[in-house]
Protein chains: 2
Amino acid sequence: MSLEKSAEGGTGRPAPGRVEDVRRGNLIRILASMAEARTDPDTRPTRADLATRTGLTKASVSSLVAELLDAGLLAESGTTRDGERGRPGVGLELSTSRGVVGMEINVDYIAAGLLDLGGTLRIHRTLESSNRGQSPPSVMALLGGLVRDIAAEASAAGIEILGGGLAVPGLVDSASGTVASAPNLQWRGVGLQLEQLLPSAPFGLALYNEANCAALAELWYGHGLDFRDYLFISGEVGVGGGLVIGSELFAGPRGQAGEVGHVVVEPSGPDCSCGGHGCLEAFAGQEAVFSEAGIAPGAASVRLARLGEQLAAGDAAAVAAVSRAGHYLGIAAASTARLMNLSAVVLGGHFTPMGRWIRPALQRSLAEYAPGLISDARVEISELGQSAALLGAAGSSLRAVLAAPFTLTPAGR
Amino acid sequence: MSLEKSAEGGTGRPAPGRVEDVRRGNLIRILASMAEARTDPDTRPTRADLATRTGLTKASVSSLVAELLDAGLLAESGTTRDGERGRPGVGLELSTSRGVVGMEINVDYIAAGLLDLGGTLRIHRTLESSNRGQSPPSVMALLGGLVRDIAAEASAAGIEILGGGLAVPGLVDSASGTVASAPNLQWRGVGLQLEQLLPSAPFGLALYNEANCAALAELWYGHGLDFRDYLFISGEVGVGGGLVIGSELFAGPRGQAGEVGHVVVEPSGPDCSCGGHGCLEAFAGQEAVFSEAGIAPGAASVRLARLGEQLAAGDAAAVAAVSRAGHYLGIAAASTARLMNLSAVVLGGHFTPMGRWIRPALQRSLAEYAPGLISDARVEISELGQSAALLGAAGSSLRAVLAAPFTLTPAGR
DNA sequence: GCTAATTAGTTTTCAATCTGAACTATATGC
DNA sequence: GCATATAGTTCAGATTGAAAACTAATTAGC
C-alpha cells in the first residue's frame with residue numbers, strides 16, 4: 001500500500017486547479033521550509049523568518065502556521081530572544097509529539113524505530129532473527145511485536161504515530177505492498193499485511209527497497225548533506241543500489257531502479273541468480289569477496305570480521321579480493337555516471353568496513369574507465385552502518401507526511 | 001540560452017503560491033489537454049469536452065479558452081455537428097498560425113523546419129554541408145541563412161514564429177547555450193550565438209543534444225506512441241542515446257544524461273576518445289562496424305550503403321560485424337534496463353538501415369544478460385530517419401510554449 | 001524611567017479566481 | 001412546433017493571498 005495521497009485524481013491527470021490548492025501548496029512550502037531549517041537547532045524559525053524564506057506575506061504565514069499548529073504538525077517553542085531590537089518572535093519547530101515508524105526486515109535481523117517530525121530518532125530496537133527462508137507471516141508477526149512495543153513507548157511519551165515505512169532487501173511493488181522478489185529472504189511474490197502493523201496511523205504504511213532507503217538515509221543523515229546527485233551502492237549478500245538525483249530518489253517507471261548489482265561488468269563473467277551473467281554482484285557480493293579472499297564459510301558477520309582482520313594485517317589475498325571488487329564497482333559506477341550524468345558515488349553495507357582498501361581501487365577504476373567524471377573527493381564511504389535502511393524508511397514516511405499536511409487539516413476535507 | 005521560464009524564482013525554491021498561479025496552471029492544463037487530443041483529428045475538442053477532460057467547470061474553461069484564443073495559441077475551427085441532439089460545440093485546435101523552428105547541425109548537413117503548434121511539420125529544408133572541423137560561426141551563418149528563408153516563408157503563410165530549438169551532436173549546456181564537446185564536429189567549449197538566429201521570437205531558442213532530440217521524436221512521432229519508458233540508442237559517427245522515462249526525457253542533474261555510447265561493455269576493450277576504454281562506441285560506432293565488416297574508408301553515406309548491400313547479399317563479415325554490434329548494444333541495454341527499470345529499447349541513426357540484422361542479435365544479447373526485462377516485442381527500430389533530431393528539437397520547443405502560455409497572456413504580466 | 005526606533009505578528013481591505021446555479025443559444029426528435 | 005438535450009455565458013458566492021495599517025513587545029539612548 002502506497003501512502004501517496006497526492007492532489008492527483010485517479011486519472012493520472014492532475015486534479016483541477018482550484019483556489020484551495022494554492023493553500024495546500026503553501027502549507028507544504030511552510031513545512032518544507034521548516035524541514036530545511038532543521039539543520040540549525042539553535043535559532044528556530046519564527047513566522048517572520050518563514051515569510052522571508054518562502055516569499056509569502058507575514059499575514060499568510062500567520063494563517064498557515066495557525067492551521068499547522070492546529071493539526072499538530074508544528075509547535076511553538078517559546079520566544080526567541082536574539083538580543084536585537086524589536087519584538088522577539090515565537091520559535092517554531094516540527095512537532096516532536098508526532099512521529100513515524102521506520103522498520104526493516106533483513107536477513108539476520110529485524111528492526112524498528114520511531115522518528116519524530118523534527119527528524120530525531122527517539123526509539124530504536126533491533127532484534128536478531130534468521131529470516132532467510134522463514135515464512136513472511138511469521139516474520140511479520142515478529143515485527144508486529146516490535147512495532148507494538150514501540151507504539152506503547154511512543155504513547156507513553158505522548159507521541160502520536162502518523163505513518164510508517166518498511167524496508168526489505170528485494171524488489172518491491174510499493175503500490176500493492178508486495179515483495180516481487182527478495183532472493184536473500186527466499187521470498188517471491190509475497191503480499192505483506194502492512195495494515196496490521198499500524199492500523200490506526202492516518203498515513204498508513206509504505207513498503208520500500210532497502211538499498212533505496214539506505215541511499216536516502218545517506219542523503220538526509222550522511223554525506224548526502226554535500227551531495228545532491230550520486231550513486232549509492234550497498235553491499236549485502238547481494239549488491240543493491242539507489243540513485244539520488246537532485247536530492248530525490250530516482251525510482252524508475254515501476255519503482256525498481258537502482259539495481260546496480262546486475263549491471264554487466266564482464267561479458268564473459270559467471271552466471272548470476274538473476275538469470276544473466278557477468279553481473280557486478282558476482283565480483284562484489286559477499287560470497288565473491290569472501291571466497292576470493294580465502295575466508296572459510298560461516299556466518300556473514302564472522303566472515304566480515306575475519307576479512308577486516310586480514311585486511312588490517314595486510315593479507316595479500318584479502319587485499320586482492322577487495323581491490324578486485326573495487327575495480328568492478330568502478331566499471332559499474334563509470335557506466336552509471338555516463339548514463340545518468342552523476343558525479344559522486346557512496347559505498348555502504350559491507351563495503352563500509354572495507355572502505356580504506358576498496359576506496360582507492362574504486363578511484364583507480366573510475367579514473368581508468370571514466371576519467372574526469374567522478375573526482376576522488378566524490379567517492380565516499382557511508383558511516384551510517386546498520387541503521388541506514390531504517391532511517392531511510394522512516395525519513396521517507398516523514399517526508400510523505402510533510403508533503404501532504406492537508407490530510408490532517410481542515411483544507412483536506 | 002534556455003527557454004525555461006518556469007514559475008520558479010532564482011532561489012531554486014518554488015515561487016510563493018499566489019491565487020494567480022492557479023490560473024497559470026489551468027492555462028497549461030487546457031493546452032496539455034489539447035495536445036493530448038491531437039491524435040484524433042476529426043473530432044476537435046470543444047469547450048465542453050475540455051471541461052470534462054480537465055475536471056474544470058464550463059465557466060472556467062470558457063474563460064481560460066478566451067484568454068488562449070486572445071494570445072493566439074488556440075483557434076476556433078467551426079462548429080462540430082456530431083449528429084447528436086443539442087447545441088453543437090465550437091471545435092478548438094492548437095493554432096496553426098503560430099509555430100516553432102527546429103534546427104539541426106550535423107556532421108554532413110544542416111537542417112531547419114517549421115512546426116505549427118498543432119504539431120504539423122509545415123516546412124523542412126536540408127542543406128548538405130561538411131561541418132567537421134568548420135568554425136562554429138561559419139556553420140551558424142549557414143544555418144542563419146536557412147532559418148531566414150524559413151522565417152520568410154512562415155511570414156508569407158501567416159505563421160508567427162514563437163521560438164525554436166537547435167540540436168547538435170554533442171554534450172551541450174542548455175542554460176548557457178554552449179557546446180561543451182562535439183567530437184565529430186571537432187567543437188569544444190563553443191558558445192553559440194543563438195539569439196541571432198531568431199531575434200524576435202518571444203520564447204527564444206534552446207540548445208539540445210541530438211540523440212536526446214531523436215529520442216523524443218521517437219516518443220512523439222514514432223514507436224514511442226506505445227512506449228512511455230525506453231532507452232533510445234542513436235548510431236552516428238559515435239553512439240548517442242536518450243532516456244525516456246514516463247514520457248519525458250531524463251536529462252540528468254546537469255542535462256547530459258543518456259551517454260550510452262560510453263557505457264563499459266568490455267573491461268579489456270580498446271581505448272576510447274572519451275579517455276576511458278571498453279566503451280560501447282568502440283563496438284557499435286560507425287568506424288567499428290565498417291572496419292569489422294571490411295568496408296573500405298570513404299564517406300559515411302557511401303559506406304553505409306555498401307554495408308546494406310553486403311548485408312542483403314548475406315556477406316559473412318558484414319553480418320558478423322552487425323551481430324557483434326548488436327551483442328554489445330544488448331550488454332549496454334541490459335545494464336541500463338537494470339539500473340533504470342526500463343523495459344524497451346529503440347534503435348535509430350545508422351542502426352535503422354541495419355535493423356533487420358541487428359535486431360535479432362540485440363534480442364539474443366538481452367535474453368542472455370537480462371532475461372525477462374525487455375521482451376522481443378519491445379526492441380524496435382526507428383523509422384523516422386534523418387529528420388528525427390529536427391522533429392525532436394522543434395517538439396521540445398513546442399512543448400516549452402505550451403508549458404508557459406502565460407508568457408503571451410495577460411496573466412504573465 | 002521615558003521615548004524613539006525596531007521588529008513580530010494580526011487585522012482589514014481588496015483583487016484574483018474557481019465553483020455552482022441560473023440562464024441563453026442552438027441543435028435533434030417526434 | 002414543442003419537448004429535450006447539449007453548448008456556452010453570466011453572475012453571485014467562497015477561498016485565498018497581497019498590501020497596508022495596526023497592535024505588541026523589545027532594545028537603544030538619554
Side-chain angles (χ1 to χ4, degrees), chain A residues 7 14-30 43-69 74 76-92 406 409-413, chain B residues 7 9 14-30 43-69 74 76-92 405-406 409-413:
Chain A
R18 293 178 312 254
V19 178
E20 295 95 45
D21 295 335
V22 174
R23 192 166 184 87
R24 291 188 167 201
N26 284 336
L27 288 169
I28 295 172
R29 270 190 188 88
I30 296 288
T43 58
R44 301 199 192 287
T46 63
R47 290 171 176 79
D49 289 337
L50 289 173
T52 311
R53 299 167 64 113
T54 60
L56 294 163
T57 60
K58 289 189 295 174
S60 302
V61 170
S62 275
S63 158
L64 292 161
V65 164
E67 191 167 334
L68 293 170
L69 288 171
L74 287 185
E76 293 188 333
S77 60
T79 56
T80 63
R81 283 196 195 77
D82 54 358
E84 296 282 305
R85 271 200 219 184
R87 170 177 167 180
V90 177
L92 296 169
F406 36 81
T409 261
R413 277 161 282 152
Chain B
R18 292 176 313 251
V19 179
E20 292 93 20
D21 294 335
V22 174
R23 191 166 185 87
R24 292 188 167 201
N26 285 337
L27 288 169
I28 294 171
R29 269 190 189 88
I30 296 286
T43 57
R44 301 198 192 287
T46 63
R47 289 171 178 78
D49 289 337
L50 289 173
T52 310
R53 298 166 65 112
T54 59
L56 295 163
T57 60
K58 289 190 295 175
S60 302
V61 170
S62 275
S63 159
L64 292 161
V65 165
E67 190 166 336
L68 293 169
L69 287 170
L74 288 185
E76 294 188 334
S77 61
T79 56
T80 63
R81 283 196 195 77
D82 53 359
E84 297 280 307
R85 272 199 218 186
R87 171 177 167 180
V90 177
L92 296 168
F406 37 81
T409 261
R413 275 163 280 153

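Throughout, protein chains are lettered first and strands after them, A, B, ... in sequence-line order, and every chain is numbered starting at 1. All figures in this text were calculated on a predicted structure; none of them were measured in a lab.
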Between Thr46(B) and Val22(A), which is nearer to the 5' end of DNA chain D once each is assigned its nearest nucleotide?
Thr46(B)

Quick one: Arg23(A) CZ to dA14(D) P, roughly how many Å, whole number?
17 Å

Expressed in angstrom and rounded to an integer, what is the separation of Leu92(B) atom CG from dA7(D) atom P?
12 Å

Going by atom types only, do Asn26(B) and Arg23(B) share a side-chain donor-acceptor pair under 3.5 Å?
no

In short, Arg44(B) meets Gly91(B) closest at the heavy-atom pair CB-CA, 4.1 Å

Base dA5(D) paired with Arg85(B) side chain (donor-acceptor, <3.5 Å):
no

Using the closest heavy atom to pick a nucleotide of DNA chain C for each, name whichever of Val19(A) or Arg47(A) lands nearer the 5' end.
Arg47(A)

So, taking the atom named OG in Ser63(B) and the one named CD1 in Ile30(B), what distance separates them when rounded to the nearest 0.5 Å?
9.5 Å

To the nearest Å, give me how far apart CD (Glu67(A)) and C1' (dT16(D)) are.
11 Å

So does Ser60(A) get a side-chain nitrogen or oxygen closer than 4.0 Å to the phosphate oxygens (OP1/OP2) of dA18(D)?
yes

For atom CG of Leu56(B) and atom C1' of dT9(D), their distance in whole Å
16 Å

So what does Ala59(B) hit on the nucleic acid, given a heavy-atom distance under 4.0 Å: a base, only sugar-phosphate, or nothing?
base

d(NZ, Lys58(A); P, dT23(D)) in whole Å:
14 Å

Using the closest heavy atom to pick a nucleotide of DNA chain D for each, name whichever of Ser63(A) or Gly86(A) lands nearer the 5' end.
Ser63(A)

Under 4.0 Å between a side-chain N/O of Asn26(B) and OP1 or OP2 of dT17(C), yes or no?
no

Could you tell me how far apart Asp21(A) (CG) and dG17(D) (C1') are, to the nearest whole angstrom?
14 Å

Ignoring hydrogens and geometry beyond distance, is the side chain of Arg87(B) in donor-acceptor contact with the base of dA27(C) at under 3.5 Å?
no

Rounded to the nearest 0.5 Å, what separates atom OG1 in Thr52(A) from atom CG in Asp49(A)?
6.0 Å

Would you say Arg24(B) places a side-chain N or O within less than 4.0 Å of OP1 or OP2 belonging to dT17(C)?
no

Starting from P on dG9(C), measure out to CG on Leu64(A) and report it in whole angstrom.
14 Å

Counting the atoms with a prime plus P, OP1 and OP2 as sugar-phosphate, which does Val90(A) contact under 4.0 Å by heavy atoms, base, sugar-phosphate, or nothing?
sugar-phosphate

Whole Å only: how far is the CD atom of Glu20(B) from the P atom of dC18(C)?
11 Å

Roughly how far, to the nearest 0.5 Å, is CG of Leu27(B) from CG of Leu74(B)?
9.5 Å

